[in-house]
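Data block below; observations after.
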Amino acid sequence: MRSENMLICPLCKAPLAAEGRSFYCKGEKRHCYDVASSGYVNLLPPGKKSNAKTGDDREMLRSRRSFLSGGHYDRISEAAAREALSVLGHRNSITFADAGCGDGYHALNIEKYYKGLGIDCAAVGLEASKHGAEAASKLAKKENSAAFFVAANIFDMPLCDKSCDIVFSMFAPVPDAEALRVLRDDGVLLVCSSGSYHLWEMREVIYTSPRVSEPLSRVPEGFCLASKASLKYSFSLDSNEAIEALFTMTPFYYRCPKEGRERLLSLDSLTVTAETEYKVYIKADNKDI
Ligand SMILES: C[S@@+](CC[C@H](N)C(=O)[O-])C[C@H]1O[C@@H](n2cnc3c(N)ncnc32)[C@H](O)[C@@H]1O
């Protein structure tokens, strides 16, 4: 299935069909959604107040892009792709959704990883920020990828029932019920989150007594844990700009004390630990299959 063929109307839930540079729903009202010049489609239901505020703004996306383009997190996307596949089992084609995909970095890396294994891939990225979906589409075009990006709410995904083999949640909120709906019976949900010591050296600079964070322990409703893995490595940032770009895309950016921020932003280099956890869930109904 091509990723565009998985889409449904966010208003009446009827399938969407592409006609020229628009998508029309097959419902009575034929709701129409235009594809933006960058290639993404906005399927955020019109008029919802949250649309304007949810998601990263352009400044945060710029920082994210600037940091991620350094390749420091490539291993994180590859580990996510690998762990999900190890539970799903090898197949010739995979359809996946990246829920809360930001600027599409992980979705495109994951697609590349599967293609490298000879797996035919249909990828769709869902992101609340229109700027994010736009940036992701531009990146996909640049990388000659067929991945499709949609501005959408992951808690009300504009995707057909049972259309995905994998739903990825990379450092994003986990939409339990919607992941359960859009996954095939044998599909898997991969949740990637920060480990206890993720970016520890950055925390040591910002805070006088940094705290070890609690890893996520909640099992998404309707799922059961099939596998668990972690990844730990360090990488070096060799400019003040690179340090600032990473800092701006972390939650510390919003809540760290002024002196800590100043200390960090006066540095010209920093070696940091990346620590991530990967949990792969299968549908609880399917655990005995
Ligand atoms: C920490 S960022 C991670 C982005 C990306 N997965 C990455 O790792 O680079 C979390 C992302 O989830 C998105 N997000 C949060 N709530 C969302 C929602 N209800 N629907 C769609 N996206 C959402 C945010 O806009 C943001 O881009």
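Atoms within each ligand, like the ligands themselves, are counted from 1 in listed order.
- Remark: distances from the non-hydrogen atoms of Phe171 to ligand 1 include one below 4.0 Å.
- Taking only nitrogen or oxygen atoms, main chain and side chain alike, Asn153 reaches within less than 3.5 Å of ligand 1.
- No side-chain donor from either of Ser63 and Glu244 sits under 3.5 Å from a side-chain acceptor of the other.
- Inspection of the Asp238 and Ser269 side chains reveals no N or O donor paired with an N or O acceptor under 3.5 Å.
- Under the 4.0 Å criterion applied to side-chain N and carboxylate O atoms, Glu83 and Lys279 are not assigned as salt-bridge partners.
- Using a 4.0 Å cutoff on heavy atoms, Ala152 counts as a contact of ligand 1.
- Side-chain atoms of Glu178 come within 3.5 Å of backbone N or O of Met157 as a donor-acceptor pair.
- Proximity to His106 (heavy-atom distance under 4.0 Å) selects the following atoms of ligand 1: 7 (C), 8 (O), 9 (O).
- Within the 4.0 Å heavy-atom shell around ligand 1 one does not find Met249.
- Within the cation-pi definition used here (under 6.0 Å to the ring centroid, within 45° of the axis), Arg75 qualifies as a partner of Tyr233.
- Residue contact check: Phe155 has heavy atoms under 4.0 Å from atoms 19 (N) of ligand 1.
- Salt-bridge annotation for Glu134 and Lys130: absent, with no side-chain N of the basic residue lying under 4.0 Å from a carboxylate O of the acidic one.
- At least one N or O atom of Met170, backbone or side chain, sits closer than 3.5 Å to an N or O atom of ligand 1.
- Salt bridge Asp161/Arg181: present, at least one basic N to carboxylate O contact under 4.0 Å.
- The proximity of Cys101 to ligand 1, defined as any non-hydrogen pair under 4.0 Å, is limited to the backbone.
- When the heavy atoms of Ala128, Ala172, Ser169 are ranked by distance to atom 21 (C) of ligand 1, first place goes to Ala128.
- Ligand 1 has no N or O atom lying under 3.5 Å from any N or O atom of Ser129, backbone or side chain.
- Ring-centre distance between His72 and Phe67: below the 6.0 Å cut-off.
- Distances shorter than 4.0 angstrom occur between a heavy atom of Pro173 and an atom of ligand 1.
- Annotation: Gly100 places an N or O atom under 3.5 Å from an N or O atom of ligand 1; distance criterion only.
- Of the charged side-chain nitrogens involved, at least one lies within less than 4.0 Å of a carboxylate oxygen, so that Glu262 and Lys258 count as a salt-bridged pair.
- Listed by number with element, the atoms of ligand 1 under 4.0 angstrom from any heavy atom of Gly102 are 4 (C), 5 (C), 27 (O).
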